[in-house]
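Here the structure is laid out as structure tokens; the discussion comes afterwards.
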2 protein chains.
Amino acid sequence: MRFDAITIKDIATALGLSKSTVSRALRDSHEISPETKKLIRAYAEEHNYRPNPIALSLKEKRSRSIGIVVCEIANSFFSQVINGIESIAYDRGYNVIISQTHESFEREMIGLNYLSSRSVDGLLISVSAETKNFDHLKSLQNKGLPIVFFDRVANDIKTHKVTVDNFTGSYNATTHLIENGFARIASISLSQHSFITQGRLNGYKKALSDHHIPIDEDLIRYCAHGGLFYEELEKEMNALFMLKQRPDAIFASSDKITMGVLRYFKSNGIRVPNDIAVVGFSNSETTDLLQPSLTVVKQPAFEMGKIATEMLINIMEANRAVKVFENRVLPAELVVRDSSVKRTVELLNN
Amino acid sequence: MRFDAITIKDIATALGLSKSTVSRALRDSHEISPETKKLIRAYAEEHNYRPNPIALSLKEKRSRSIGIVVCEIANSFFSQVINGIESIAYDRGYNVIISQTHESFEREMIGLNYLSSRSVDGLLISVSAETKNFDHLKSLQNKGLPIVFFDRVANDIKTHKVTVDNFTGSYNATTHLIENGFARIASISLSQHSFITQGRLNGYKKALSDHHIPIDEDLIRYCAHGGLFYEELEKEMNALFMLKQRPDAIFASSDKITMGVLRYFKSNGIRVPNDIAVVGFSNSETTDLLQPSLTVVKQPAFEMGKIATEMLINIMEANRAVKVFENRVLPAELVVRDSSVKRTVELLNN
DNA sequence: TTGTAAGCGTTATCAG
DNA sequence: CTGATAACGCTTACAA
């Protein structure tokens, strides 16, 4: 496909045929005689002919590629989603191009610009923690770009969406803490305006009120940059630990934040779960190896990627404009481990 | 850039000029009068004109994109490398397309096929654990595709390479274990033929022999698939623990394998470092939070990505064929934590 | 059944 | 200073 790439034209001249004949033969058109076909295909095979996808894109005005926008591929949740996306996309003949925002709105814009200029045929996006305004996405959609949101969605854009049941996930996690004897439960999450924060916070609050525990706004903290910078998280944690009444448990609502919380405890000599219990959203594959093993709310990330991609391809390949959109909500799973259960003396030595 | 994308032709007809004039004005050619330029640029600006990169690629026979092949983006080491790659690539006006092998030779071939057919202008690759034969890469290179290897390189392909000093990294890790009183040190690494296994194993062996410890081949194990499947690793670990003389320390030579080893110990109730000490190659950002905190050999992943990309772009943009290649070796850092140091009684309770 | 020509968006060459 | 034309690789009316 490079310097010496063979083209249809080359085949045509070599065989003394026309470009169109060759093109048709290669696409197995019925209007080409079997012998000619055979001849052409043999030659193409022998010379390892590969159609030039760039020329095709130009002609067909589509690239057979899907753009993905996530904050960080280093985040287990997102890398699992990406694997799900790829598993479907490749089967359906699409390739994916990944763009990272690193939780920055500006980077999101740049990435989006690139992807759309690069003529992706569709977009799968989980917006950055900083993103409050969705006009840029609306405008892309208005220009005809099919978009499907996953995880961090834009409420007011009409399209397919795949999310996890943030409310129930948090509700269960919080309830679990309450049932294990914790009552001053703090919450630390992404930026306040974020879609997932809303759901997760509501689940947390509902669990508290269902158990007649008053909601203390001092215990509810946010990280505007998703805890991508440790300092951001540290500030919030410090605030929490300066309270006259310290929390006895903490519910962390994203992978990055959960790890930051543990790091904070470690560097400040705060022991889990003795001094404070922890439950966090996380899809990391090593949470069971942590000290102590971590109770997590786990999302079906791979599944989410698959579903989002199927939805997207459905829009892309639809003959008429899709008007009715689906809002798919997947269950989150609570995995109970040691970080959220009061230790008995026996366990101390392990 | 989609359905309603404005083109040079549109501008030309709207302004009653020719395509060439518009094209030239947009590229700020000196042969266009200031007024015409102004007019055209104003119109282009107003209508948000963006050159179509696909048309450009077709014309220029290059896509301004770089292909990346790694085993898994979920692996911290590789996601850090990718961030390094992006940091340079975007600055120099290149975009990146990522392909994952999941340690499979077949997938590597498929990905490579895609990337080359997609006309990437250059390739950055760390081969899969299964890859023993490099003919496919040689042939791509012969077709004119610039390639730079990082981390897992192909020895017999002549091009730039960036690796870490695997030998010294392992030597230091092993020496550290020896100096801390361990003598039956096992090694578990990627497939035997892999470039990095060779270096890491040699460092391990040299450290042993420098300290007059005999090399016991029973203690040297390999994971042909890089420990991507836990069962693979479990088998090797079982073999190790079936020995009459069990190892008292283990040196794990990749991120995935290191985590697998810890998981093995955890599920078999083997305590670290009491029952066995552990040092492993890892770039994971949570190794300090593990139980116990993990002593690691850490690679300058981001740096490696940056350097590899600079090298690649140098080849791609060179006016004459590059004949002299560089083999850059970066230092690995040993981070000593608890998993490799015999515990005193005081430490037991934390 | 096969060939010719136009077009996708762009730039380069050559005229004017 | 500006315009017409060809070319990149491919598909597809339309002609033959």
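Naming convention: chains lettered A, B, ... in sequence-line order (proteins, then strands); numbering from 1 in each chain. None of the values given here were measured: they were computed from a predicted structure.
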*Charged N-O contact under 4.0 Å between E317(B) and R62(B)*: no

*Length of the CD1-C1' vector between I54(B) and dG9(D), whole Å*: 13 Å

_Gap separating the CE atom of M311(B) from the CG atom of N327(B), nearest 0.5 angstrom_ = 7.5 Å

*Give, for atom CD1 of I66(B) and atom CG of D121(B), the distance between the pair rounded to the nearest 0.5 Å.*
8.0 Å

Quick test: give all pairs of protein nitrogen or oxygen and nucleotides 6-8 of chain C nitrogen or oxygen below 3.5 Å, distance rounded to 0.1 Å.
from, atom 1, to, atom 2, distance (Å)
dG7(C), N2, K59(A), NZ, 3.0
dC8(C), O3', K61(A), NZ, 3.4

*Note the angle between the end axes of the helix from dT1(C)-dA16(D) to dG16(C)-dC1(D), five pairs defining each, rounded to 10 degrees.*
60°

*When you measure from every atom of DNA chain C, which of residues 22-43 of chain B have a heavy atom less than 4.0 Å away?*
S23(B), R24(B), R27(B)

_Which is more 5' along DNA chain C, the nucleotide nearest Y49(B) or the one nearest S18(A)? Just name the residue._
S18(A)

*Nearest 0.5 Å, what's the CG-CE distance between L123(A) and M316(A)?*
10.5 Å

*How about Q100(B) and N83(A): does a side-chain donor come under 3.5 Å of a side-chain acceptor?*
yes

*Please determine which of H136(B), E108(B), R152(B) meets the side-chain hydrogen bond (donor to acceptor under 3.5 Å, both in side chains) test together with T131(B).*
E108(B)

*asked:* Measure CD1/I8(A) against C1'/dA7(D) and give the value in whole Å, please.
replied: 16 Å

_Between S194(B) and S191(B), a side-chain donor and acceptor under 3.5 Å_ = no

*Which whole-number value in Å describes the distance from L15(A) CG to dG3(C) P?*
10 Å

*Confirm from the modelled atom types if S20(A) and dT4(C) form a donor-acceptor pair under 3.5 Å, side chain to base only.*
yes

*How about S104(A) and H102(A): does a side-chain donor come under 3.5 Å of a side-chain acceptor?*
no

*Distance-minimising heavy-atom pair for S116(A) and L140(A)*: CB-CD2, 3.7 Å

*Answer yes or no: is there an ion pair linking R328(B) with E303(B), defined by an N-O contact shorter than 4.0 Å?*
no

*Among T163(B), L137(B), V162(B), whose side-chain contact (heavy atoms from CB on, under 4.5 Å) with F149(B) holds?*
L137(B)

*Once you round it to whole Å, what is the distance between P of dG9(C) and CG of L56(A)?*
15 Å

